[in-house]
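For reference, the structure discussed in these notes is given below.
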Amino acid sequence: MRLKALIQIRPRSSVRSAAAGITVMMSLVGVLIIAMIGTCVETARYTACAGQGCEALRVGTDALLTEYSRPLYDNYGLFFIEDTGTPFEQVISRYVGESMKNTPGFMDFLKGEMTSLEITAKTYVGDDEAKPLAEEIKEYMKRFVTGEELSKLLGKVSRLSDTEATAESIEKTVDEEKEDTKLDNRILRLMYLVDGVRISKNGSIKCDTYFAKKYATVKDYTGADFGIRESVVWKSVKKQISKNPTTFKDIGPKFLSGVKKVREKTEEAIREGERLKKDYATGKHSDMAARVIAGLPSLSGNLRVLKETEKLITSSDPADQKREKLVKLWKDYDTDSLSFDYSGAGTAKGDDASPLDALGGAIGDGILSLVCKNPDKLSKKGIKNPDKYAKYYKESPENKDDYTARVKKLSSDEKVELGGTLGSIAEYGLEEFMLDSYITKTFSSYTEKKNKKDKDGNKWKNSLDYGWEYVVAGEKSDKANLESVVSRILVLRTVTNFTAIIADPVKRAEAFTAAVAVVGFTGLTFLIHFTQTLFIAAWAFAESLCDVAAILMKKDVPLIKTSAQVKTSFFEIFLLTNSSIRSRAKRYLPEKPLSFGYKEYVIMFLMMTSGKTRRYRIMDLIENDMKKNGYEGFSFGKCVFEMETEADFSFPSKFFHLPGIARILNRDLSGYNYNCRIKAGYI
């Protein structure tokens, strides 16, 4: 019985222990399940909080970007925000705070706060060679420009593809002909040193006071005694001849001074003669060169006479003995062995006998005075700091070549410079075309005025009226920019006109006849041909003035001309006035849709200008325009295109913070910190 009782007691005790164990185990499992569920929920919540913070930061940054410069957008279609006034971080913080306000309700699972905010980087409009500006312009111009328009323009420009090579060929021809005239120019120099003769391009003859053959050794001397057979030349030289050596009445200080000066001229003539002989042996030469070289030895004999004369005059011998010795000595003074051919001297008449002089005189007041309708009414606007942003970003501005000076060099230095007006367009694509189309659409030019109005209906003022021209030239005034562009067109047109004129035998003959009239007296073949080429260049420049005037009048001027299309006769080179040039320009027909007009020339020159230079000059124009219209504090360089923002967010724990879970994890998880970085801009 006792055994049985014992057996009965034991099962009852085991059941109670097992139940207690199960209860504890189930409690622990329940807590773990709750902790696991809480962990999953909290993890999901933190992920949502991170998204909430990042989205709040993006919304805040985007909200800041909506505060873009409104006048900049209204007038130029560009989105940029000025980095002025209230700091960007403060504005973004305000917007972030608004978007993260607690949501009314039972429990805000996304409750948190931004603990720090920093803009780590800003991209300004002028950074990276102003490419942000290019991006904005590209997006804006997508609505207006098509690839078909670009193809048409490139097709027109391609017709001028050979112009640069032609220009180089013309320059090479002129340089070679000028080199050929080296001997001829030495002969002209010898004419001056030996006979004292200077004959200008207009045919006037002058004689210097002192020269190698200044003294007459016979009483009844004539031009033949001095190797001068042209009466018009002899008339000028005769006035300066001294006949003292025929009697030697004067052997005093005055005569001695004159002998010294003549001796110096003779020594210089001998040196020039040596150079002539050296060039004669290595290069081309005319028949006269050989005759001149044959007479050069007489200069050495004359030099001996002059030196001995100086010694005699300064010696202590009696005057009578000096005269006797001088008479004998001067019998060796030679004035006819070395002679020059002056045939044709003095045949050219008037100040305008040379086309070069006529051209030089005409452009004295500037090219614009010849080709513009009302030169006095040209814009007088200017800016104080041209190429400001190119200088700020330490970039070298381009296209500062003075094309006007090239025309002046033709008349003053007999130098032809026609190359360099065009560059490569191999990499010119649609984006570049959009940039140039934006320039011609947005800004004014000499031929196209833009009458923009601001949002209040007031006229939008331009700091420069010739904006296109400024982007090409980068000068400080409208007039200077227009002259640079017009001169560049002029030089370019001269290349094609030169080709048309020189291809016509009749026109070549006219230029040759004129060259003979001006320098034919020398008998120097190479000088005559060189002068002929210069006259053809002057003719081409004169014709180009007519072309430019017509282009500014929106006439249809052929890109490549034939000889029959040349409007300027050789005689009309001497009639280079505004009225005469514009009168000839009116002979062209009005522009047609396929014409290559002023706008196309400007865009072509823009093609040749680097993208960064164009973009920086657009910045110059816009900034100056904004200031002109009352936005004095506006600085385009401080406008932001894109920014990188970094923020830290803190979110308090909801489930990890429960006491039971905290004890189980043995950690006090009070919150979650999250770092977010975003990049935002206008494209």
Could you check whether [X] makes a cation-pi contact with [Y], meaning its NZ or CZ is under 6.0 Å from the centre of the six-membered ring and within 45° of the ring axis?
X      : Y      : result
Lys554 : Tyr598 : no
Lys599 : Phe596 : no
Lys507 : Phe570 : no

Open item on the list: Could you work out, with ring pair (Phe, Tyr, Trp, His ring centres under 6.0 Å) as the rule, every residue matching Phe433, not counting sequence neighbours?
Closed with: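 Result, ring pair (Phe, Tyr, Trp, His ring centres under 6.0 Å) vs Phe433: none returned.
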
Counting only heavy atoms not in [X], do more than 12 sit closer than 6.0 Å to its [atom1] atom?
X      : atom1 : result
Lys380 : NZ    : yes
Glu431 : CD    : no
Lys450 : NZ    : yes

- [ ] Quickly, which of Leu378, Val486, Val602 forms a side-chain contact (heavy atoms from CB on, under 4.5 Å) with Tyr446? Name it, please.
- [x] Leu378

Can you give me the closest heavy-atom contact between [X] and [Y], atom names plus distance?
X      : Y      : result
Ala550 : Tyr588 : CB-CD1, 3.5 Å
Val125 : Pro132 : O-CD, 3.7 Å
Arg582 : Cys372 : CD-O, 3.8 Å

Salt-bridge contact [X]-[Y] (side-chain N to carboxylate O under 4.0 Å):
X      : Y      : value
Asp387 : Arg617 : yes
Glu623 : Lys388 : yes
Lys638 : Asp83  : no
Glu149 : Lys152 : no

Is there a donor-acceptor pair closer than 3.5 Å between any side-chain N or O of [X] and the backbone N or O of [Y]?
X      : Y      : result
Asp556 : Pro590 : no
Asp184 : Leu527 : yes
Arg508 : Ile502 : yes
Thr123 : Met643 : no
Glu176 : Thr173 : no
Ser595 : Gly597 : no
Glu483 : Gly366 : no
Arg488 : Ala473 : no

Open item on the list: Can you tell me how far apart CD1 (Ile536) and CD (Glu543) are? Round to the nearest 0.5 Å.
Closed with: 14.0 Å

Distance alone, cut at 3.5 Å: any donor-acceptor contact between the side chains of [X] and [Y]?
X      : Y      : answer
Ser169 : Thr166 : no
Trp468 : Tyr601 : no
Ser463 : Asp625 : yes
Asp478 : Tyr470 : no
Ser437 : Thr440 : no

In terms of ring plane angle, is the pair [X] and [Y] parallel, tilted or perpendicular, where the classes change at 30° and 60°?
X      : Y      : value
Phe79  : Tyr682 : parallel
Tyr389 : Tyr392 : perpendicular
Tyr616 : Tyr393 : parallel

Open item on the list: Can you tell me which residue among Lys561, Lys567, Lys555 is in a salt bridge (charged side-chain N to carboxylate O under 4.0 Å, His left out) with Asp547?
Closed with: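 Exactly one candidate clears the test, Lys561.
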
Open item on the list: Any heavy-atom pair between the side chains of Val174 and Phe530 that's under 4.5 Å?
Closed with: yes

TODO: For side chain to side chain contact (heavy atoms under 4.5 Å, CB included), just list the numbers for Lys479 and Ser379, CA-CA rounded to whole Å, side-chain angles, deciding distance to a tenth of an Å, and then say yes or no.
DONE: CA-CA 7 Å; Lys479 188 173 181 180; Ser379 170; over 6 Å; no

TODO: Walk me through it: do Tyr76 and Tyr438 pass the test ring-ring contact (aromatic ring centres under 6.0 Å, His included)?
DONE: CA-CA 9 Å; Tyr76 301 98; Tyr438 177 82; 7.6 Å; no

